[in-house]
Amino acid sequence: MRLVFAGTPEPAVPSLRALIKSERHEVVAVVTRPDAHAGRGRRVVRSPIGALADEHGIEVLTPERAGDPAFLARLAELAPDACPVVAYGALLPRSALDIPAHGWVNLHFSLLPAWRGAAPVQAAIRAGDEITGASTFRIVKELDAGPVYGVVTEPIGAHDTAGELLGRLAESGAQLLVSTMDGLEDGTVRAVEQQGDGVSYAPKVTVEDARVSFADPASAVDRQVRAVTPEPGAWAEFRGERLKLGPVTVADEPGPPPGELVVQRRRVLVGTATKPLQLGEVQAPGKKRMAATDWARGTRIEEGERLR
């Protein structure tokens, strides 16, 4: 089939790469978010999907809005049979959805109808889910509510961060997306409407969402920290400044009051509503990431000081 692929960030790269390698399909163009300024020098940077397309000599379309007339006209000229989508990052109007015969087929990193929305992997970890996965579905007007073509499942490990879990799902999901395109081409895949029960939503995670409350149980804090690692990154206040926190470990012993720090020779503990947590790496303002013990040694933490 003739495909126009839509995607932007790194997790979309395995899917585009797999479709390019497929002998059954031709990626005639990609749609991605416009080039953006990044880094200290504010250089204009191509998205990961745009960069991969450039490497393979594939046309790159970067509309400001997917409803732009010039973009819609070019999409119609390309005459795609289907438009596979992975984390494109913009709304698709009906005028765009109606162009490909097989529609726009999204790879979403959850087992729909669970965790519709922008941050399904983060939500699954924070909620304590044991199993997640990826789904392919046809895009409709309602958010992530279209009929599902296929799924793959993935266990969530006790120490998985969002970045690690998303990395695995990006790879297994890429194969699912290729299989879905194969099935659409030969007519062997059937879309199944989503059930009304079990719908949950995963909105975009903000920096404020990543602020840790040590008044919560240790298990909840552990899940929260892993859910926002690496982005936007967990944090708490120490001496009025933001301290970034890497993944933590639950210590099976009594601990200090919530938020209170206890510095030992080989570890730094912080109290929660239940068991204490051992801090891993931390990052103070203007500093590099470092082991919590090195940070505590240089900071000279006084007895009774807290993370808030």
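In this text the structure is predicted, and so the values were computed from the model without any measurement.
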J.: For Trp115, is there any backbone N or O sitting under 3.5 Å from a side-chain donor or acceptor partner on His108?
T.: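 Looks like yes, one N/O pair under 3.5 Å.
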J.: Would you call Glu241-Lys287 a salt bridge at under 4.0 Å N-O?
T.: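 Lys287 and Glu241: not salt-bridged.
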J.: Is it true that Arg226 and Glu164 have a side-chain N and a carboxylate O under 4.0 angstrom from each other?
T.: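 No, no charged N to carboxylate O under 4.0 Å.
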J.: A quick test of your reading: do over 12 heavy atoms of other residues, nucleotides or ligands sit less than 6.0 Å from CD of Gln195?
T.: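 Not buried by this count: 12 neighbours or fewer within 6.0 Å.
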J.: If only atom types and distance count, is the side chain of Asp216 paired as donor or acceptor with the main-chain N or O of Val221 below 3.5 Å?
T.: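 Pair absent, no side-chain N/O of Asp216 close to backbone of Val221.
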J.: Looking at Pro257 and Arg306, what are the two nearest heavy atoms and their distance?
T.: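 Smallest interatomic distance, heavy atoms only, reads CB-NH2, 3.8 Å.
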J.: Could you tell me if the side chain of Glu208 sits less than 4.5 Å from the side chain of Trp235, heavy atoms only?
T.: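 Yes, side chains in contact.
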J.: Can you check whether Arg24's main-chain N or O pairs, donor with acceptor, with Ser22's side chain at less than 3.5 Å?
T.: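 Here the side-chain-to-backbone pair exists.
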J.: Is the side chain of Arg242 donor-acceptor paired with the backbone N or O of Arg211 at a distance under 3.5 Å, no angle test?
T.: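 Absent.
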J.: So, do Trp104 and Tyr88 have ring centers that fall under 6.0 Å from each other?
T.: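 Aromatic pair excluded; centres sit 6.0 Å or further apart.
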J.: Looking at Ser135 and Leu112, would you say the former's side chain and the latter's main chain have a donor-acceptor pair under 3.5 Å?
T.: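 Yes, the answer is positive, given that a donor and an acceptor are paired below the 3.5 Å cut-off.
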J.: Checking Thr32 side chain against Gly7 main chain: does a donor-acceptor pair fall under 3.5 Å?
T.: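 Yes, the answer is positive, given that a donor and an acceptor are paired below the 3.5 Å cut-off.
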J.: Treating Glu305 as the side-chain partner and Phe238 as the backbone partner, does any N or O pair qualify as donor plus acceptor under 3.5 Å?
T.: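 No, Glu305 side chain to Phe238 backbone: no donor-acceptor pair under 3.5 Å.
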J.: Write down the atom of Thr161, the atom of Pro247, and the distance for their closest heavy-atom approach.
T.: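 Nearest heavy atoms, Thr161 then Pro247: CG2-CG, 3.9 Å.
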J.: Could you name each residue pair satisfying salt bridge (charged side-chain N to carboxylate O under 4.0 Å, His left out) that touches residues 96-116, not counting sequence neighbours?
T.: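 Residue pairs passing salt bridge (charged side-chain N to carboxylate O under 4.0 Å, His left out), neighbours aside: Arg94-Asp98, Arg116-Glu142.
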J.: In terms of side-chain geometry, is the basic nitrogen of Arg2 or Asp81 positioned less than 4.0 Å from the acidic oxygen of its partner?
T.: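 Not counted as a salt bridge, because no side-chain N and carboxylate O are separated by less than 4.0 Å.
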J.: Check whether any side-chain N or O of Asp68 sits under 3.5 Å from a backbone N or O of Ala70 as a donor-acceptor pair, and report yes or no.
T.: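 Not at all, since once roles are kept as given, no pair shorter than 3.5 Å links the two residues.
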J.: Run the side chain to side chain contact (heavy atoms under 4.5 Å, CB included) test against Ile156 and tell me which residues pass, sequence neighbours left out.
T.: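 Expected list: Ala124, Ile125, Asp129, Thr132, Asp160, Leu165.
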J.: If you round to the nearest 0.5 Å, how far is CG of Leu245 from CZ of Arg289?
T.: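 If I round to the nearest 0.5 Å, the distance is 8.5 Å.
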